[in-house]
> 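Structure incoming, see below.
Each chain gets a letter, A, B and so on, in the order the sequences are listed, and its residues count up from 1.
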Amino acid sequence: HLECGFGGACLAVWEEERYPEGIKWKFLEHKGPVFAPPYEPLPENVKFYYDGKVMKLSTKAEEVATFFAKMLDHEYTTKEIFRKNFFKDWRKEMTSEEKSTITSLSKCDFTHMSQYFKAQSEARKQMSKEEKQKIKEENERLLKEYGYCVMDNHKERIANFKIEPPGLFRGRGNHPKMGMLKRRIMPEDIIINCSKDSKIPAPPPGHKWKEVRHDNKVTWLVSWTENIQGSIKYIMLNPSSRIKGEKDWQKYETARRLKKCVDKIRNQYREDWKSKEMKVRQRAVALYFIDKLALRAGNEKEEGETADTVGCCSLRVEHIKLHPELDGQEYVVEFDFLGKDSIRYYNKVPVEKRVFKNLQLFMENKQPEDDLFDRLNTSILNKHLQDLMEGLTAKVFRTYNASITLQQQLKELTNPDDNIPAKILSYNRANRAVAILCNHQRAPPKTFEKSMMNLQSKIDAKKEQLADARRELKSAKADAKVRRDEKSKKSVESKKKAVQRIEEQLMKLEVQATDREENKQIALGTSKLNYLDPRISVAWCKKWGIPIEKIYNKTQREKFAWAIDMAEEDYEF
DNA sequence: AGTTAGACTTAGTAAAACAGTA
DNA sequence: TACTGTTTTACTAAGTCTAACT
């Protein structure tokens, strides 16, 4: 309570009990995962052709073939790496006979299979209401049975209780493993984690779990090893759960602690730009980028295992260009690299002279593919940060800068005289400033142009409606002047109201248009969900009388329940 | 100090659900 | 009621960071 400043009255779920260091729970009971439905072989009449001739595939080979057939319309089935990886893995599933016959992917004809799946999905769309209802009910039953667990004294929602079905791997960007077969996960691959005194979930009949363990130092319920990267996948709780909410709260508290010492840290790294030690200078310049530009830390990645993307510490010489002068500004650094998810980061930033000179130094005698910060990695950087503040790591700067930006922008942009839609536009703009800072992008929605046109025609229609209403008001006024009776006075009043109402509607539409246009390629969700201290938003809503539902939908309100409960209108990040 | 496994957060996209309208 | 555009949810890949190990 001292920490949250909430006083003794709060007995919210997320802070009712403190565990000793590292202990995550005392009791954990769940039903285990839901497996992907077994493969259903194609009907006899759906054919696969090799080299122009019908060929009946073994069940295993057929299953993998259907994965490819389902993706046929996608551009990546034309990519060489995808095809090569797919074919290699597909051949592993073939019988020796199939292997000797099928030697070239380009001779494979999946079009009939593809048509069949298209027809299937068409049929699914055309299903009757009753059939759809039945499916919905089945899903609800599954959720009810497997979608919840008991952790300590609470029934909690599980985030992903379904095991990922087999299919073809498609990484993002230019991924060297695209097209590889993601194998089917069996109970024998699964590790169950639950408490000893709980009812241990039963494996499907005829199967066994790989292991059942009782580790209360971790939060996951189920894990398995995935075959593409060999990494571990987990089933964990929903963001609305106590265990996630508490962690989220902690994250923002760490960022708030950074707020208290960020000036000192900034002074420190500016000093370090002058250090005799190259390692210290590199660390200081990198930290400056992380702080100023909200770059990610940039761990090393194994070459050939993933797409070639970088973060701050892994920047290479080829990713920046130095301009002593550009467009009337001095010491401009031009960044151009692929970050997480192969999203391009492109930015031209004027920097301080010392930073610029240091960068020139770091780049001396290097090839484009050499590391910019050759004496630095995330581990060195984070160790240093740890010394500056307990719990400080590179990512805290992103959280801190995102949240502080939201708070500043809200202060700056909110106009007390605005109505609610206009205030919400201001909120979205503040949110947008953060999304731009963090480089959260999205592909422009496929229907974007069309939807803008629709909105514009709505606006035009509304304008005409407004003009009509005004004309009517005018004539009613004239009429009232002549007649001077109650009835015509009343008519003027109601016409006035009508004009007002339409004006408001028009304004709302125009605001919506602006908002949408500005948002074309920017994704607000990621920052809202992961970087913005929700208490800032809650406080803002309280201060301006905006219903919280206008800012957070149901899921978001569940995730941020702790903040909605905690924050008052005077909350300061 | 470097390497790797493990656990957890952050990320964009596709599918599903919903809401508004013809 | 069917359709269409928008919002929400599901999905799972791709990061960060710690700790154990060498």
Side-chain angles (χ1 to χ4, degrees), chain A residues 22 24 36 74 121 124-126 129 132 135-136 139 143 147 159-165 167 169-173 175 177-178 182 191 193 215 217-220 223 225-226 228-239 243-244 247-248 250-251 290 295-302 305-307 309-314 338-343 377-383 385-386 391-399 402 435 438-443 445-448 450-455 458 512 516 521-531 552-556 558:
Chain A
K24 305 291 169 60
H74 248 286
S121 82
R124 225 170 303 131
K125 274 185 219 155
Q126 297 302 321
K129 234 183 191 167
K132 282 183 184 165
I135 292 174
K136 204 177 160 188
N139 285 337
L143 175 68
N160 55 324
F161 59 91
K162 288 181 186 159
I163 300 278
E164 297 169 21
F169 176 80
R170 168 61 174 140
R172 298 194 234 258
H175 198 117
K177 299 195 172 183
M178 63 169 87
K182 223 173 87 163
I191 302 174
N193 192 34
D215 182 357
K217 295 206 172 49
V218 296
T219 67
W220 53 267
S223 77
T225 302
E226 149 275 339
I228 303 291
Q229 309 285 358
S231 65
I232 310 169
K233 299 240 175 177
Y234 303 93
I235 292 181
M236 290 185 187
L237 296 193
N238 198 68
I243 203 148
K244 295 288 183 188
K247 196 82 189 293
D248 206 34
Q250 244 181 56
K251 174 180 78 184
I290 284 171
L295 300 190
R296 295 186 185 83
N299 285 306
E300 291 115 299
K301 307 166 73 184
E302 210 169 335
E305 294 291 302
T306 62
T309 63
V310 297
C312 186
C313 292
S314 50
L338 297 182
K340 181 175 178 180
D341 292 316
S342 293
I343 297 292
N377 60 41
T378 54
S379 161
I380 295 170
L381 178 66
N382 280 333
K383 257 186 206 120
L385 293 176
Q386 193 59 238
L392 186 61
T393 62
K395 81 197 258 288
V396 179
F397 283 87
R398 250 167 102 80
T399 311
C438 295
N439 200 230
H440 291 142
Q441 298 188 32
R442 62 167 183 178
K446 286 188 187 73
T447 54
F448 185 84
K450 203 174 152 201
S451 114
M452 274 325 271
M453 299 237 294
N454 285 347
L455 196 53
K458 265 191 193 171
Q512 206 186 347
R516 195 177 297 178
Q521 308 201 61
I522 297 166
L524 299 185
T526 304
S527 50
K528 202 175 192 176
L529 240 45
N530 300 299
Y531 288 102
Y552 292 137
N553 68 30
K554 187 166 152 281
T555 319
Q556 295 165 340
E558 280 166 10

> Between B:dA11 and A:R398, is there an OP1 or OP2 to side-chain N/O distance shorter than 4.0 Å?
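So the side-chain polar atoms of A:R398 do come within 4.0 Å of the phosphate oxygens OP1 or OP2 of B:dA11, strictly under.
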> For B:dC8, take OP1 and OP2 only and decide whether either is under 4.0 Å from a side-chain N or O of A:T219.
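Indeed, a polar side-chain atom of A:T219 lies that close.
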> Nearest-Å distance, CD1 (A:I228) to C1' (C:dT12)?
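The distance from CD1 of A:I228 to C1' of C:dT12 comes to 12 Å, rounded to the nearest Å.
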> Base, sugar-phosphate, or nothing for A:G311, non-hydrogen atoms under 4.0 angstrom?
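If one applies the 4.0 Å heavy-atom cut-off, A:G311 turns out to touch nothing in the nucleic acid.
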> What's the CG-P distance between A:N553 and B:dA17, to the nearest Å?
16 Å
> Kindly say whether A:I228 contributes a backbone atom to a donor-acceptor pair with the side chain of A:K177 at under 3.5 angstrom?
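The answer is yes, because a donor-acceptor pair under 3.5 Å joins these two groups.
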> With a non-hydrogen cut-off below 4.0 angstrom, is A:S231 in contact with a base, only sugar-phosphate, or nothing?
nothing
> Please work out if A:K24 contacts a base, only the sugar-phosphate, or nothing of the nucleic acid, heavy-atom cut-off 4.0 Å.
sugar-phosphate
> Look at all strands and tell whether A:A307 reaches a base, only sugar-phosphate, or nothing, counting heavy atoms closer than 4.0 Å.
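Touches nothing.
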> Classify the side chain of A:K340 and the base of B:dT10 as holding, or not holding, a donor-acceptor pair under 3.5 Å.
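Check passes, donor-acceptor contact within cut-off.
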> I want to check one thing: is the phosphate of B:dT9, taken as OP1 and OP2, less than 4.0 Å away from some side-chain N or O of A:K244?
yes
> Look at A:T309 and C:dG15 and indicate whether a side-chain polar atom (N or O) is within less than 4.0 Å of OP1 or OP2.
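True: A:T309 side-chain N/O within range (under 4.0 Å) of C:dG15 OP1/OP2.
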> Look at the side chain of A:N377 and the backbone N and O of A:C313, then say whether any donor-acceptor pair between them is shorter than 3.5 Å.
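Not at all, since once roles are kept as given, no pair shorter than 3.5 Å links the two residues.
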> Select from A:K162 and A:N382 the residue whose nearest nucleotide in DNA chain C is closer to the 5' end of that strand.
A:K162
> Pick base, sugar-phosphate or nothing for A:K182, based on heavy-atom distances below 4.0 Å to the nucleic acid.
sugar-phosphate
> With a 4.0 Å cutoff (strictly under), does any side-chain N or O of A:H175 reach OP1 or OP2 of C:dA14?
yes
> Just how far, in rounded Å, is P of B:dC8 from NZ of A:K233?
16 Å
> Using a cut-off of 4.0 Å on non-hydrogen atoms, how would the nucleic acid contact of A:Y234 be classed: base, sugar-phosphate, or nothing?
base
> Quick one: label A:A159 by what it contacts on the DNA or RNA (base, sugar-phosphate, nothing), any heavy atom closer than 4.0 Å.
nothing
> Provide, to the nearest angstrom, the distance between the CG atom belonging to A:L338 and the C1' atom belonging to B:dG12.
15 Å
> Provide, to the nearest angstrom, the distance between the CG atom belonging to A:N377 and the P atom belonging to B:dT3.
10 Å
> Calculate the interatomic distance between A:N530 atom CG and B:dC8 atom C1'; express it in whole Å.
12 Å
> Looking across every strand, which nucleic acid part, if any, lies under 4.0 Å from A:R442 by heavy atom: base, sugar-phosphate, or nothing?
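The answer is sugar-phosphate, as A:R442 gets under 4.0 Å only of primed atoms, P, OP1 or OP2.
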> Starting at the 5' end of DNA chain C and moving along, which residue's nearest nucleotide shows up first, A:K554 or A:S342?
A:K554
> Rounded off to whole Å, could you give me the CG-to-P distance for the A:L295 and C:dT16 pair?
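In whole Å, C:dT16 P lies 11 Å from A:L295 CG.
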> Heavy atoms only, 4.0 Å cut-off, all strands: where does A:P239 land among base, sugar-phosphate and nothing?
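No contact.
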> Round to the nearest Å and state the distance from A:E302 atom CD to C:dT16 atom P.
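Atom-to-atom, A:E302 to C:dT16, this comes out as 16 Å.
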